[in-house]
J.: 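Please read through the structure below; I'll follow up with questions.
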Amino acid sequence: MDFDRLVDRTGTASLKWSFYGQDVLPLWVADMDFAVAPPVVEAAQAFAEHGVYGYARVPESLLQAIRGFLLSRYGWRVDPDWLVFLPGVVPALNLVCRAYSGPDQAVMTVTPVYPPFLEAPLFQDRRLQAVPAVLEDGRWRLPLEEMEAAVTPQTRVFLYCHPHNPLGRAWEREEVAAVVDFCHRHDLVLCSDEIHCDLLLDPVEHVPAALTSEAAGRITVTLMSPSKAFNLPGLNFAFAIIADLDLRRRFSREARGLFSLPGCFSVAAAEAAYREGEPGWRSSSSTCAATATWWRPSWAAIYPASP
Ligand SMILES: Cc1ncc(COP(=O)(O)O)c(C=O)c1O
């Protein structure tokens, strides 16, 4: 990785660099200005040279690359059937609200948080229960008591940002276990957005929520993507890990007809990232600047035709 080379992104249709004028630093977009790692560029180049850009399907080799990565990095033995491929994590946050709660029901999250956590329940006509995080001795913590006070039988889903954008907290094992316990006791589906988990600055180890207990595996929908750590967000490739068959069916049923298959470039790049990304990139990826951000223009400003 070359973190010193300045890449000129003008004229590349970059959302980050074309939304405002040149004098605005667009820190609300979490993509980085480093060129991606050579194995990923080579995989994309090889595919470009092939010259036929047809529909793709996730090949066995990519499944194995993802499974190998999750096993070596987190000790997580993931069954291929548990993986549901998606064009992004944000669509999945919306899908989770639709799949696991009804129109009169509520979705809880902890604020401040990446705006789509707040938008997803509202876009899907669910009630939002936003519980403010607690700042204690200069460190943010989960508002567990306040969550207990706010939860009702109508609450069906907890949207968990793990690690948390923008609090910058990589939640520790006990904290993750407390969230799982909260969701388990209140019969909530735990949607754990772990998109930033491969990009930690501190020595803290990421603990996937689904791995904290046997119950966690049954109630958790984990969302992951190579887009943050490997800087591939423009390739629109993400996946959910859902071990429980019933939860997986409900999620997939809600997605029917809405999402296209992963694109052929994203399949090639994701495989290179996951195959080559461990263990060699561990130290270099941890030196990347975290790009966590929570303010951004409204959805309607980014997508002017939306209501
Ligand atoms: C916590 C979190 N989830 C999801 C996303 C975006 O995910 P995607 O681009 O896959 O929709 C971001 C982007 O910054 C994020 O910070």
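Computed from a predicted structure; not experimentally measured. Note that ligands are numbered from 1 as they come in the structure, with each ligand's atoms numbered from 1 the same way.
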J.: Are any non-hydrogen side-chain atoms of Leu62 and Phe239 less than 4.5 angstrom apart?
T.: no
J.: With a 4.0 Å cut-off on heavy atoms, is His164 touching ligand 1?
T.: no
J.: How does Ile195 reach ligand 1, by side chain, by backbone, by both or by neither, if only non-hydrogen atoms under 4.0 Å count?
T.: side chain
J.: Take His162 and His206 through the test ring pair (Phe, Tyr, Trp, His ring centres under 6.0 Å) and record every step on the way to the result.
T.: CA-CA 9 Å; His162 171 43; His206 175 72; 4.4 Å; yes
J.: For ligand 1, which is the ligand I care about here, please tell me if Ser227 has any N or O atom under 3.5 Å from one of the ligand's N or O atoms.
T.: no
J.: Given Asp193, Val89, Leu232, Leu223, which has its nearest heavy atom closest to atom 3 (N) of ligand 1?
T.: Asp193
J.: Just verifying a value: how many Å separate Ser213 OG and Arg218 CZ, rounded to the nearest 0.5 Å?
T.: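 Rounded to the nearest 0.5 Å, the OG-CZ separation comes to 8.0 Å.
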J.: Can you tell whether the side chains of Lys228 and Asp31 come within less than 4.0 Å, N to carboxylate O?
T.: no
J.: With heavy atoms of Cys161 as the reference, note each atom of ligand 1 found under 4.0 Å away.
T.: 1 (C)
J.: Is the backbone N or O of Gln154 less than 3.5 Å from a side-chain atom of Thr152, with the two atoms forming a donor-acceptor pair by type?
T.: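 Yes; judged by distance alone, with no hydrogens or angles, the pair exists.
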J.: Just to be sure I read this right, does ligand 1 sit under 4.0 Å from the backbone of Val90, its side chain, both, or neither, counting only heavy atoms?
T.: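 For Val90, backbone and side-chain atoms both sit under 4.0 Å from ligand 1.
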J.: Using a 4.0 Å cutoff against the non-hydrogen atoms of Gly88, which atoms of ligand 1 qualify?
T.: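 Heavy-atom distances to Gly88 below 4.0 Å select 10 (O), 11 (O).
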J.: Using a strict cut-off of 4.0 Å, indicate which atoms of ligand 1 neighbour a heavy atom of Ala30.
T.: 14 (O)
J.: Looking at Leu6, I want to see if its CG is surrounded by more than 12 non-hydrogen atoms of other residues, nucleotides or ligands under 6.0 Å.
T.: no
J.: Inspect the surroundings of CZ in Arg9 and state if more than 12 heavy atoms from other residues, nucleotides or ligands are less than 6.0 Å away.
T.: yes
J.: Is it the side chain, the backbone, both or neither of Pro233 that has a heavy atom closer than 4.0 Å to ligand 1?
T.: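 It is neither; nothing of Pro233 touches ligand 1.
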